[in-house]
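All remarks here apply to the structure that follows.
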Amino acid sequence: QVQLVESGGGLVQAGGSLRLSCAASGRTFSSYAMGWFRQAPGKEREFVAAISWSGGSTYYADSVKGRFTISRDNAKNTAYLQIHSLKPEDTAVYYCAVSKSPRIGYEYAYWGQGTQVTVSS
């Protein structure tokens with residue numbers, strides 16, 4: 001079992017930046033890939049970014065490439081999502097998830113409760 005707690009969301013003006021954090025406990029965090037997803041009002045949840053167990057591989061949705069950076073600190077059992085140049089269309093609840101695999105591209109087993117990001121124009 002693993003517990004994930006996201007933080008760092010909030011209200012920010014367009015063009016601003018945020019860093020989201022995902023603190024993990026209860027499982028060997030460092031052995032598994034992690035991902036960030038988001039769900040905007042009235043829309044389905046969508047993939048944002050993923051990082052392998054070591055941090056050596058990352059993958060991003062086309063819509064966020066160049067503006068979002070995923071990273072992790074296995075010593076702190078924490079993953080991060082740095083967001084720059086925020087746009088109103090980035091408004092969503094952001095979720096982190098732990099994969100069933102050390103590598104990117106596999107099913108996610110555990111999910112956090114999400115943190116709200118609201119971008120004003």
Residues clustered with Leu11, ILVMFWY side-chain links under 4.5 angstrom: none
Any heavy-atom pair between the side chains of Val2 and Phe29 that's under 4.5 Å? no
Thr78 side chain vs Ala23 backbone, donor-acceptor pair below 3.5 Å: no
With Val12 as reference, evaluate Thr91, Val119, Thr118 under the side chain to side chain contact (heavy atoms under 4.5 Å, CB included) test and give the passing residue. Val119
Can you list the other members of the hydrophobic cluster that holds Trp53, where links are side-chain heavy atoms under 4.5 angstrom apart? none
Is a side-chain donor or acceptor of Ser99 paired with a backbone partner of Ala33 at a separation under 3.5 angstrom? no
Could you give me the CA-CA distance, side-chain angles and deciding distance for Thr115 and Ser7, then say whether side chain to side chain contact (heavy atoms under 4.5 Å, CB included) is met? CA-CA 6 Å; Thr115 184; Ser7 61; 5.6 Å; no
Quick check against the 3.5 Å criterion: does Glu46 have a side-chain atom that pairs as donor or acceptor with the backbone of Arg38? no
List the steps and the verdict of side chain to side chain contact (heavy atoms under 4.5 Å, CB included) for Val48 and Phe68. CA-CA 9 Å; Val48 173; Phe68 287 28; 3.4 Å; yes
Members sharing Tyr106's hydrophobic cluster (side chains within less than 4.5 Å): none
Enumerate the salt bridge (Lys or Arg N to Asp or Glu O under 4.0 Å) contacts for residues 66-77, please, sequence neighbours excluded, ordered by first and then second residue. Arg67-Asp90
Straight-line distance of Gln3 CD to Tyr110 OH, nearest 0.5 Å: 9.0 Å
According to salt bridge (charged side-chain N to carboxylate O under 4.0 Å, His left out), who are the partners of Glu107, at least two apart in sequence or on a separate chain? Lys100
By side chain to side chain donor-acceptor pair (under 3.5 Å) - contacts of Gln82 (at least two apart): none
Disulfide bond (SG atoms under 2.5 Å apart) partners of residues 34-79, not counting sequence neighbours, each pair once: none
CD/Gln113: more than 12 non-hydrogen atoms of other groups inside 6.0 Å: no
Hey, are the side chains of Ser121 and Pro88 touching, using non-hydrogen atoms and a 4.5 Å cut-off? yes
Of all pairs that satisfy side chain to side chain donor-acceptor pair (under 3.5 Å), the ones with a partner from residues 9-23, not counting sequence neighbours: Ser17-His84
Connected to Tyr59, directly or through other members, by ILVMFWY side-chain contacts below 4.5 Å are Phe37, Phe47, Val93, Tyr95, Ile104, Tyr108, Trp111
Run the salt bridge (charged side-chain N to carboxylate O under 4.0 Å, His left out) test against Lys65 and tell me which residues pass, sequence neighbours left out. Asp62
Non-neighbouring partners of Ser101 that pass side chain to side chain donor-acceptor pair (under 3.5 Å), sequence neighbours left out: none
For Tyr80 and Ile70, run side chain to side chain contact (heavy atoms under 4.5 Å, CB included): C-alpha distance rounded to whole Å, both residues' side-chain angles, the deciding distance at 0.1 Å, then the answer. CA-CA 6 Å; Tyr80 304 96; Ile70 189 171; over 6 Å; no
Applying salt bridge (charged side-chain N to carboxylate O under 4.0 Å, His left out), name anything that partners Glu89, two or more places apart in sequence or on another chain. none
Can you check side chain to side chain contact (heavy atoms under 4.5 Å, CB included) on Ile83 and Leu20, steps first, answer last? CA-CA 8 Å; Ile83 309 174; Leu20 307 184; 4.1 Å; yes
